[in-house]
Structures are given as C-alpha cells and as structure tokens.
Amino acid sequence: MIELWNALPVVIQILIKIIAIVLPLLGMVAYYTLAERKVIGYIQVRIGPNRVGWRGSLQPIADAVKLMMKEIVIPTKADKVLFLLAPMIAIAPALAAWAVFPFDEGLVLADINAGLLYLLALTSLGVYGIIIAGWASNSKYALLGAMRSAAQIVAYEIAMGFALVGVLVAAGSLNLGAIVAAQEGNLLTWFWLPLLPLFGVYLISGIAETNRAPFDVAEGESEIVAGFHVEYSGMAFAVFFLAEYANMILISALSALLFMGGWLSPFPQAWVEGIAILGDGFHWLLLKTFFFMFVFLWLRATFPRYRYDQIMRLGWKVFIPITIVWILVVALAVLAELPPWWSA
Amino acid sequence: MGFEKFLFYVFAAITLIAAGMVITRRNPVHAVLYLVLAFISSAALWILLEAEFLGIVLILVYVGAVMVLFLFVVMMLDVDIATLRAGFIRYLPIGALIAVVLALEIFLIVGPANFGLQQFPSPVPAGPDVSNTEELGLLLYTLYVYPFEIAAVILLVAIVAAIRLTLRRRPDTKYMDPAKQVRVKKGPDRIRIVKMPSESAAVPAVAASAATQESTE
C-alpha cells in the first residue's frame, strides 16, 4: 500500500491529500447548518427541522438539492463577470487556509515556516468576495452591506492580528505545529491562561470577521434585507453560505489550535498511561473545535445584533488597546521566563 | 529549475497584464481589482525569490487592508466616463513624454549596468530550515533599527496629521457617550420600582376584564 502511494506522482499525492481535507470539511459545513438550526431550535424551545430523514438528519442534503435546482438570477445592469466571480472569491481563501492547518503532530498538507502569517493573509482576502458581491449586484442594499462589512473586517482584522502576535511571541514561532508543541504539558500550560485577554479578543474578532451574529450587520435583514447577498440565488447563494460556514469552522479550529493546545490531551501524561483514547490525538482537536463551533451558535441564539457604531467602538477603542497592552505583558513574561509557561 | 522558471514567467506575465489593465480600464472598480491581482502575482514572485515573509505581508497589508479601503472609496465615486475621456488627445503628447523620460530614468538605474549578473550573482538557494522571517527580524532590529524606528515615527506623524486635518467638532450633532451607556445600571437608572397596595378588590368588574384581556394579548 505504501509502495503504491510512493509510486504516485507528487502532484497526484497532493491532490488526494487536498480531497481528503476538503471533502470532510464540506460534509462538516453541511451538517453544521443542520446543527445550527437544531441547537438554536432547542435554545428557543423548538424542535428544529425534523421531517427529512431520521430526526431531520437528511435536511442538509435536501437543502443542497433544492439550491442546485434553483435558477441563478442575474440582476439587470449587474456586472455579470464580477457577480459570478464573487462567491468563488469568497470561498477560495476559506478552503485554501486549511493547507497549513496541522491535524495532528506532523499531519499537515504544507508545513511552512510562516503558517500563522499565511492564515492571517488568507482570512483577510475573504472580504473581497463580500465587497465585490455588494458592488456587482447593482443594488443599494447589497452595496450598503458590503460597505459595512469592509469597515468592520478592516477594524477587527487589526485586533485579530495583534492577538496572533501575542501567540507568536508566546510560542516563539509562526509554524502552527511548533505553536502547539510550545503548549505541551497539561490544561494549565495551554496558551488560553497566560493569553486570556488575547484569547477573548481573538474569539470575538473571529465572530466579527465571519460576519456572524451579533456582528452580522453586513446581512442585517431588519435594515438592509440580506446585505451583500440580497441579489443572489441558487448555487451562487449557496457558495456564499458554504464560505461563511467554512470560515466559522476555520476560526473554531484555529482557536482550538492556538489557545487550547490543539491535539494535546488535557490530562497529564502520567494519568493516561495505557489508555490511548485519553492521550494526545486528533480527537481532542476535533472535540475542542466542536466546542467553539457550538459557541458560535450559542452566541447567535443569545445576543441581539450590535449597533454599528458600537461595533466600531469595540474594535478600535477596546480591543486594539487591550491587545497592545497584553503583547507587552507577554513579551515581558517571556523575557522573565515566567514559569510554568516559559521556564527554560 | 525548469518548473520554477515557468512559474516565474507565468506570474510575471500576469503581473504585467494586470498592471496594464489598471491604467487602461475605464471602470475604476475594475482597475482597483486588477491592481489587487497585480499585487497577488508580485507576492507570488517574491515567494519564488524565497522571500516568503515579504510576499505574505504584501498580501496581508496591501491586498487585505489597503486595497479594501481603496475599493471602499472607489465604489462610492460616481465617475463620469465622458468627462474623463474628454482631454485624452490633448494631454497625450505631454503624458507620453513624461512616460518616456520616466522609463529612461528607470532603465538607467535599474538596468543591467547596475543590477546585472556581474554585480549581483544569483544567490545560493537557502535550505528549508532557514527561517526568512527570523533573518529579516534580526537584521531589522539590529543593523537597521534606526531607519526602521524613524520610518515608524514618520508613519505616526502622517496618522496624526491625517486625523488632525479631518477632525472637526460639530456641536450641533447629537451623539451618545458609550462610557455613560455602559455605566447604566438597571436598578436606579432605568426602572423605578413603585410600592403600592393591591387594588384588585376596588376595581370594577368591567375594567378588570378589560385589563386581563390586555395582558393576554
């Protein structure tokens, strides 16, 4: 089997690996939409979708088939090329970001040195899909949504970038595998504790970056109908949807990786001798990611939408100062070799 | 080497075509998007030169932030293409002259005389263990620390100047003080609890039924 694998050309090997990452990801996206409707349903004392399949378990497939059958309506005077290009621009960075994501020790498609930087650069490209969609639709609601989204994402990207600067100061590396390795130990040596303010800022900025409630003013259905994707229908709309959910999963997985120890087990090594399932492994990363994915839904069901000026204030006047101060604190702690995190 | 060279020519061609489109497209939004494409392919060229830090930062800073704000402004513009085209022939000679002079100057400085292979032999490719980011950081914060800090201060001056130029007090607009809003407590600031005796016995039957109807609605 291994000989057969090695005999394949490198391009084919990489292609197979990409498919092995993207297909489960798209499956997760599909079932994340179901999870969202179910979780929010139960939070609001409803049942949620329960007609298609066992307890609604085939609902995402029904939705996908419905969206594929629908006509893609292109508005008059819309910029046709950009209108159809926008959903692709939205989803491409959301998928490409997974290239540097390590799923377990050494299990990564491209183990590059500047992994964190690459992720930051790619997540910053996602906004183009939204802006181009808003402009190309030739609709004032779409344009307003795009404008809101652009200002919001630029504001929160800075806070997010600074939070990640704190992570790389603490880990001493931009490589994602090395960042997890730097958190080795137990629950308390993970970065969530020494970087607690940055962790909070990162998570909230991540929600703002993905345009999720309570930061979803780019859609704001009570004010601007559906924001940037008001003119989209059928598959073109579905691709925006996929991109948004893929981004949510990415932010959740990154939170797990950068602050919660990734695939590291929360139990000390001595406790888990002989019990493989409690040791380090991919399943821990998956569990932590699922937790953050749940937090996304939980917040959406809990909080009302933020007012726009308050969003801007939170980004520029609260988060950025917090991150700058805490980067300084972390840098000093690293210099002082503060135990248990940075004792050499 | 073959594949790398092929990639170089592909990205170089995309950069040049995109840059050409930036100045020939009539629609300013299209021009900005072509500029984004030019940035991305030049970032790819830098990565081919093993300058992955610079390449990624180019995308992060210019494409991810600067061009987003650029698009933001350009989308708001209501460009009248007819007036833009109006003086084209009249300004063509002087524009062409400036372009030729500029091209000549660039060629004299960046030409083979100064940057040929004799002056700069192609460097030995560094191994995969060399961290470009680390090398750059070491140089930037030791050898070039003063130019680096001075550049930062100049940028700060520019920020302060831009804010000062656009800042204006408008006493007639009403705005909220978020600090005050945050400080509001639900107790004494928002609701007042009034103690009063029960009145159910004194209320006439008709009014009582109206009241219950109201509450069920």
Side-chain angles (χ1 to χ4, degrees), chain A residues 10-11 79 81-82 85-86 89 92-93 100 110-128 130-132 134-136 142-144 146-155 157-158 160-161 164 168 172-175 178 209 307 309-314 317-318, chain B residues 3 25-30 32-37 39-40 43-44 46-47 50-78 126-137 163 173-179 181-182:
Chain A
V10 180
V11 181
D79 192 317
V81 178
L82 286 183
L85 204 62
I89 294 175
V100 296
D111 194 12
I112 64 173
N113 272 332
L116 197 59
L117 209 59
Y118 169 86
L119 275 173
L120 204 58
L122 275 188
T123 45
S124 70
L125 291 185
V127 65
Y128 277 98
I130 293 176
I131 298 185
I132 292 172
W135 182 79
L143 188 66
L144 277 174
M147 290 295 145
R148 288 176 172 201
S149 176
Q152 178 183 330
I153 286 181
V154 168
E157 206 170 79
I158 298 171
M160 202 175 188
L164 294 183
L168 79 93
S173 174
L174 279 166
N175 182 294
E209 284 259 298
R307 215 175 57 209
D309 60 319
Q310 287 174 332
I311 289 183
M312 285 296 133
R313 175 177 165 272
L314 186 71
K317 292 187 181 173
V318 180
Chain B
F3 185 58
R25 288 283 92 180
R26 294 266 160 65
N27 191 326
V29 172
H30 290 180
V32 171
L33 289 175
Y34 273 112
L35 189 56
V36 169
L37 181 61
F39 275 139
I40 290 178
W46 277 359
I47 290 172
E50 299 182 20
E52 71 269 10
F53 180 80
L54 290 178
I56 297 176
V57 165
L58 179 72
I59 291 187
L60 179 61
V61 175
Y62 280 88
V63 179
V66 175
M67 295 316 288
V68 171
L69 293 178
F70 229 87
L71 262 184
F72 195 101
V73 175
V74 164
M75 280 179 183
M76 298 288 201
L77 296 178
D78 186 20
D129 296 334
V130 177
S131 174
N132 185 282
T133 318
E134 213 174 314
E135 300 281 323
L136 206 68
I163 292 174
T173 52
K174 290 179 178 168
Y175 63 98
M176 293 170 226
D177 183 359
Q181 289 182 308
V182 169

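Numbers restart at 1 for each chain; the letters A, B, ... are given by sequence-line order, proteins then strands. Side-chain atoms are counted along with the backbone in the values below, which use heavy atoms only and exclude waters and symmetry mates.
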**Report entry** Segment of B/Val36 engaging chain A (4.5 angstrom heavy-atom cut-off)
**Finding:** side chain
Query raised in the report: Counting heavy-atom pairs under 4.5 Å to chain B, which of A/Ile112, A/Leu120, A/Thr123 comes out on top?
Result: A/Leu120
Query raised in the report: So which of A/Leu122, A/Leu174, A/Asp79, A/Leu143 has the largest heavy-atom pair count under 4.5 angstrom toward chain B?
Result: A/Asp79
Structural part of [X] lying under 4.5 Å from a heavy atom of chain B:
X        : result
A/Ala151 : both
A/Leu82  : side chain
A/Leu125 : side chain

Report task. Measure the spacing between CG of B/Leu33 and CH2 of A/Trp135 and express it to the nearest 0.5 Å. Result -> 7.5 Å
Query raised in the report: Hey, what do you get for CG (A/Leu119) to CD1 (B/Ile56), rounding to the nearest 0.5 Å?
Result: 9.5 Å
Requested in this report: Walk me through it: do B/Leu69 and A/Val154 pass the test side-chain contact (heavy atoms from CB on, under 4.5 Å)?
Outcome: CA-CA 8 Å; B/Leu69 293 178; A/Val154 168; 4.2 Å; yes
**Report entry** side-chain contact (heavy atoms from CB on, under 4.5 Å) between B/Val68 and A/Glu157, worked out
**Finding:** CA-CA 12 Å; B/Val68 171; A/Glu157 206 170 79; over 6 Å; no
Report task. Please list, chain by chain and in numerical order, all residues satisfying salt bridge (charged side-chain N to carboxylate O under 4.0 Å, His left out) with A/Arg313, sequence neighbours excluded. Result -> none
Query raised in the report: Would the number of heavy atoms belonging to other residues, nucleotides or ligands and lying under 6.0 Å from CD of B/Glu134 be above 12?
Result: no
Requested in this report: Can you see which heavy atom on A/Ser124 is nearest to which on B/Gly64, and at what distance?
Outcome: OG-CA, 3.6 Å
Query - Shortest non-hydrogen contact from B/Phe72 toward A/Met147 - result: CE1-O, 3.3 Å
Query - Whether A/Tyr128 side chain and B/Val63 backbone form a donor-acceptor pair below 3.5 Å - result: yes
Report summary line: Interface check, chain A: of B/Val61, B/Leu71, B/Val29, most non-hydrogen pairs under 4.5 Å belong to B/Val29
